[in-house]
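Excluded from the calculations below are hydrogen atoms, water molecules and symmetry mates; all remaining heavy atoms, backbone and side chain alike, are included. Numbering of ligands and ligand atoms starts at 1, following listing order.
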Amino acid sequence: MAELNLVLLGPPGSGKGTQGERLNEDLRLPYYATGDILRAAVRDKTELGRTAKGYMDAGDLVPDEVIVGVIVEALDSDAARDGFILDGFPRTTPQAEALDAKLDELGRRVTAVLLIDVTDDEVVRRIGGRRTCAENGHVFHVDFNPPKREGACDIDGSELITRDDDNPATIRNRLNQYHEKTEPLVDYYDQRSVLRRIDGEKDPDEVAEEIRRTLATMRLEQDEAV
Ligand code: AP5
C-alpha cells in the first residue's frame, strides 16, 4: 500500500485525539486535528480564531467554508505526500465532498475511515473528566488516564485545563450536532467501502491494538489485490 490517507471519525469524546496521538507516533504521518488547529487559532487571536470562537463555545460546528480551506491547504503540502491522519475532519457531507474533490485533483483517495464507536452515555462520562494540556493539547482523564503528577502534563509539563466547551450544556449540543450532521458520513464512507468500525468502549490500549490490527488486515487485502 503506497500511502495511508486516514480519517478518524466518531462522536465528541470518543477517543479520536487519544488514538490520533498514538497513530501519529506509530506511523509518523502528518496529523491534522481540526479542533486543535481551531483552538490554537483562538488562543493566537487570528482571524480564523475570531471567526471560530463563538461557534466552538456554543458547541456548534464552524461553517464549512471556514474549515475546508485550512485542510485543503494542508493536504496540498509536501509534508502530506506520503499520507496523513485527519481527526475531526470531515464532519459534514460538504466537507467530505470537498476532501474527495481535493484528493481526486491530487490523484489520491481516502484509504480508510476509522469510526470510533461509543455510546452517548460514555461520551458524557469521558468529556466530564477530561483534562487537556494547555500548551500542546495532550489529553488525560481524571479516572481513565490520570497524569502522573496532578494538574501537569506528563509529556511537556504544562498546566492541565478543562476545555471551554467541556461543560454539560455544550456537550449535549455537540452530541446533537454529531448525530445530525456528522453521522451521515458513516453511510457516505460505508458506500465507498473504506469504513472500518472500531469498538471505542474498550481500554485505550485495546482500542489502539484493534486499530493496528485493522490497518494490518487492510494492507494485506490491498497487497493481495495488486
Ligand atoms: P474537536 O476538538 O474535534 O472536538 P470533538 O470532536 O468534540 O472531539 P473531542 O476532542 O471532544 O474528543 P476526542 O474524540 O478527540 O476524544 P479524546 O481522545 O479527547 O472540536 C471542537 C470544536 O471545534 C467543535 O465542536 C467545532 O466547533 C469545531 N470543529 C472542529 N472540527 C470541525 C470541523 N471539521 N467542522 C466544523 N467545526 C469543527 O477523549 C476524551 C476523553 O476520554 C479524554 O479524557 C480521554 O483521556 C478519555 N478516553 C479516551 N479514550 C478512552 C477509552 N478508550 N476509555 C476511557 N477513556 C478514554
Side-chain angles (χ1 to χ4, degrees), residues 7-24 31-42 48-49 51-72 74 85-96 98-99 114-133 137-147 153-154 160-167 169-183 185 198-211:
V7 171
L8 290 169
L9 185 67
S14 54
K16 301 183 296 297
T18 301
Q19 297 303 328
E21 270 185 30
R22 291 172 184 227
L23 271 175
N24 188 19
Y31 171 50
Y32 304 109
T34 42
D36 291 348
I37 293 169
L38 290 170
R39 276 184 291 280
V42 169
L48 173 66
T51 308
K53 187 173 181 354
Y55 295 101
M56 295 175 79
D57 286 349
D60 290 329
L61 297 185
V62 306
D64 291 333
E65 60 274 19
V66 171
I67 195 71
V68 163
V70 174
I71 291 300
V72 161
I85 304 163
L86 290 177
D87 164 358
F89 185 96
R91 251 174 158 105
T92 63
T93 303
Q95 290 181 20
L99 174 62
L114 302 170
L115 170 66
I116 307 188
D117 234 349
V118 302
T119 59
D120 287 7
D121 285 347
E122 181 67 10
V123 163
V124 172
R125 268 184 348 125
R126 287 191 187 174
I127 294 187
R130 173 165 53 191
R131 298 294 178 270
T132 306
C133 129
H138 299 124
V139 175
F140 298 86
H141 191 283
V142 289
D143 299 318
F144 309 137
N145 178 25
C153 175
D154 290 353
L160 294 184
I161 55 166
T162 301
R163 267 169 46 177
D164 288 345
D165 58 347
D166 281 355
N167 62 74
T170 310
I171 293 170
R172 261 195 307 280
N173 189 36
R174 283 161 63 198
L175 270 170
N176 290 340
Q177 297 272 314
Y178 174 77
H179 291 305
E180 186 190 326
K181 296 179 180 159
T182 308
E183 219 166 20
L185 296 183
I198 307 292
D199 179 358
E201 301 239 339
K202 295 184 193 155
D203 170 84
D205 289 341
E206 292 178 88
V207 177
E209 193 44 47
E210 190 178 335
I211 290 177

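- Tested against Val7, the residues Leu114, Ile85, Leu86, Leu185 include a single side-chain contact (heavy atoms from CB on, under 4.5 Å) partner, Leu86.
- Given atom 23 (O) of ligand 1, the protein heavy atom at minimum distance is Met56 CE, 3.5 Å.
- Comparing Phe144, Phe140, Tyr178, Phe89 by heavy-atom distance to atom 44 (O) of ligand 1, the nearest is Phe140.
- Using a 4.0 Å cut-off between heavy atoms, Arg174 contacts ligand 1 through its side chain alone, with no backbone atom that close.
- Nearest heavy-atom pair, Pro11 versus Leu175, reported as atom, atom and distance to 0.1 Å: CB-CD2, 4.4 Å.
- In this structure, Gly10 does not count as a contact residue of ligand 1, since none of its heavy atoms falls inside 4.0 Å of the ligand.
- In the vicinity of Gly200, heavy-atom distances shorter than 4.0 Å reach the ligand 1 atoms 53 (N).
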Requested in this report: Please lay out, stage by stage, how Tyr31 and Leu23 fare under the test side-chain contact (heavy atoms from CB on, under 4.5 Å).
Outcome: CA-CA 9 Å; Tyr31 171 50; Leu23 271 175; over 6 Å; no

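- In this structure, a donor-acceptor pair under 3.5 Å is absent between the side chains of Thr170 and Asp165.
- Contact analysis leaves Gly20 out of contact with ligand 1, as no non-hydrogen atom separation drops below 4.0 angstrom.
- Residue Val139 has no N or O atom closer than 3.5 Å to an N or O atom of ligand 1.
- Ligand-side atoms of ligand 1 in range of His141: 44 (O), 46 (O), range being under 4.0 angstrom from any heavy atom.
- Contacts between Ala52 and ligand 1 below 4.0 angstrom, taking non-hydrogen atoms only, are absent altogether.
- Note: an N/O pair closer than 3.5 Å links Gly88 and ligand 1 by distance alone.
- The closest heavy-atom contact to atom 32 (C) of ligand 1, among the options Gln177, Gln95, Lys53, Arg91, comes from Arg91.
- Near Lys202, meaning under 4.0 Å from one of its heavy atoms, ligand 1 places the atoms 52 (C), 53 (N), 54 (N).
- Annotation: the span from Lys202 atom NZ to Glu210 atom CD amounts to 4.0 Å, rounded to 0.5 Å.
- Inclusion of Asp36 in the set of residues having an N or O under 3.5 Å from an N or O of ligand 1 is not warranted.
- For atom 31 (N) of ligand 1, the candidate residues are Thr34, Val207, Leu8; the nearest heavy-atom contact is made by Thr34.
- Considering backbone and side-chain N/O of Arg131, none are found under 3.5 Å from N/O of ligand 1.
- At under 3.5 Å, a nitrogen or oxygen of Arg39, whether backbone or side chain, sits near a nitrogen or oxygen of ligand 1.
- We find that Asp166 and Arg174 are joined by a salt bridge, their nearest charged nitrogen and carboxylate oxygen being less than 4.0 Å apart.
- Those atoms of ligand 1 that come under 4.0 Å of a heavy atom in Pro11, given as number and element, are 14 (O).
- With rounding to the nearest 0.5 angstrom, the OG1 atom of Thr18 is 11.5 Å from the NE2 atom of His138.
- Of all atoms in ligand 1, listed by their number and element, those nearer than 4.0 Å to a heavy atom of Lys16 are 5 (P), 6 (O), 8 (O), 13 (P), 14 (O), 15 (O), 16 (O), 18 (O).
- Using a 4.0 Å cut-off to heavy atoms of Gly17, the atoms of ligand 1 that qualify are 13 (P), 15 (O), 18 (O).
- For the pair Leu38 and ligand 1, the shortest N or O to N or O distance does not fall below 3.5 Å.
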Which pairs would a plain distance check flag for residues 53-62, meaning a side-chain donor or acceptor within less than 3.5 Å of a matching protein atom at least two apart in sequence or in another chain?
residue: Lys53; atom: NZ; partner: Asp57; partner atom: OD2; Å: 2.5
residue: Asp60; atom: OD1; partner: Asn173; partner atom: ND2; Å: 2.8
residue: Asp60; atom: OD1; partner: Gln177; partner atom: NE2; Å: 3.3

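- Looking at ligand 1, you'll find an N or O of Asp60 within less than 3.5 Å of one of its N or O atoms.
- Judged by distance alone, the side chains of Asp87 and Tyr32 never bring a donor and an acceptor atom under 3.5 Å apart.
- Looking at ligand 1, you'll find an N or O of Arg163 within less than 3.5 Å of one of its N or O atoms.
- The closest protein non-hydrogen atom to atom 54 (N) of ligand 1 is Arg126 NH2, 3.3 Å.
- Not close to ligand 1: Ala33, with no non-hydrogen atom less than 4.0 angstrom away.
- Residue contacts with ligand 1 for Thr18 involve both N, CA, C or O and side-chain atoms from C-beta outward (heavy atoms, distance under 4.0 Å).
- Residue contact check: Ile67 has heavy atoms under 4.0 Å from atoms 35 (N) of ligand 1.
- Residue contacts with ligand 1 include Ser14, since one of its heavy atoms falls under 4.0 Å from the ligand.
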